[in-house]
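Each remark here refers to the structure printed beneath this line.
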Amino acid sequence: MSSHTPARPEVLEFLLSRRSHPAVSLTAPGPDAPTLEKILTAAARVPDHGKLAPWRFVLYQGDARARIGLRLAEMAEARFGPLDEARRQQELTRFTRAPLVVGVFSRAAVHPKIPVWEQELSAGAVCMTLVTAATAAGFGVQWVSEWIAFDADAIAFLGGQPDEKVAGFVHIGTASQPPFERPRPVLADITSTWTEA
Ligand SMILES: Cc1cc2nc3c(=O)[nH]c(=O)nc-3n(C[C@H](O)[C@H](O)[C@H](O)COP(=O)(O)O)c2cc1C
């Protein structure tokens, strides 16, 4: 340990207990404007080879969320055929589960020095830091993709450009219930020390 990198045991404990909350369990309020600015600023502070900022945010909040649902229900019907009532409700409420949804769009593009893969990894880091920062600010959070992240028409409707991919839709709100725990990988199964063959 060095005075340049003081230990932050509380941060480590936080990371060891962090859990997502199902989007459907998130209620109002979401973060206020200054808190959201902090959360997004933290999320944009990720390793980014070449300083390309190959990602951006789109915010979905307020009344726009219900209007999005109406259009997504139409799009889902066009793509999947007639929707039963449960499925229609799922589409209508896709963006109203939480008071705030942050779309993280990857705009990775071929670059002379920085591989596209590294730019896309950076977008994943943005999503995870967004999850972590919003949780640290006291909110329940879930990073989801769902069919809309892989449908060109839905991406365009949600503000994506033709050359962009959805890294995630991060739902943020007030947790209405405690999080469930889930099994985690056994560290020994996913960790080894390299030795020369
Ligand atoms: C790229 C990505 C996309 C995901 N998409 C979904 C999704 O569409 N629906 C879903 O229930 N969980 C999705 N998840 C999983 C949740 O974000 C989360 O991992 C899960 O709720 C367990 O949460 P926790 O391990 O953070 O506690 C996705 C995760 C990632 C990394």
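Just so you know, ligand 1 is whichever comes first in the structure, and atom 1 is the first atom listed for that ligand. Computation of the quantities below employed the complete heavy-atom set of this structure, encompassing side-chain atoms and omitting hydrogens, waters and symmetry-equivalent molecules.
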Problem - Glu164 side chain to Trp55 side chain, donor-acceptor N/O pair below 3.5 angstrom - result: no
Problem - Flag side-chain contact, heavy atom, 4.5 Å: Arg88 against Glu77 - result: yes
Exercise for the section: Can you confirm whether something in the protein, heavy atoms only, sits under 4.0 Å from atom 19 (O) of ligand 1? Expected result: no
Practice task
Could you tell me whether ligand 1 has any atom less than 4.0 Å away from a heavy atom of Met128?
Solution key: no
Practice task
Please confirm whether Arg56 makes a cation-pi placement over Phe105, using NZ or CZ under 6.0 Å from the six-membered ring centre and within 45° of the ring normal.
Solution key: yes
Exercise for the section: Check each heavy atom of Arg184 against ligand 1 and say whether those closer than 4.0 Å belong to the side chain, the backbone, both or neither. Expected result: side chain
Handout entry: Salt bridge Arg97-Glu146, side-chain N to carboxylate O under 4.0 Å
Key = yes
Handout entry: Pair Arg79 + Asp151, salt bridge at N-O below 4.0 Å
Key = yes
Practice task
Nearest heavy atom to atom 21 (O) of ligand 1 wins, so pick from His21, Gln142, His171.
Solution key: Gln142
Fill in the blank from the handout: In ligand 1, the atoms that come under 4.0 Å of a heavy atom of Arg18 are 24 (P), 26 (O)
Practice task
Starting from atom 2 (C) of ligand 1, locate the nearest protein heavy atom and write down its residue, its atom name and how far away it is, to 0.1 Å.
Solution key: Trp143 NE1, 3.7 Å
Problem - Atoms in ligand 1 with a heavy atom of Glu146 nearer than 4.0 Å - result: 8 (O)
Exercise for the section: Verify the distance criterion only: is there a donor paired with an acceptor across the side chains of Gln142 and His171 at less than 3.5 Å? Expected result: no
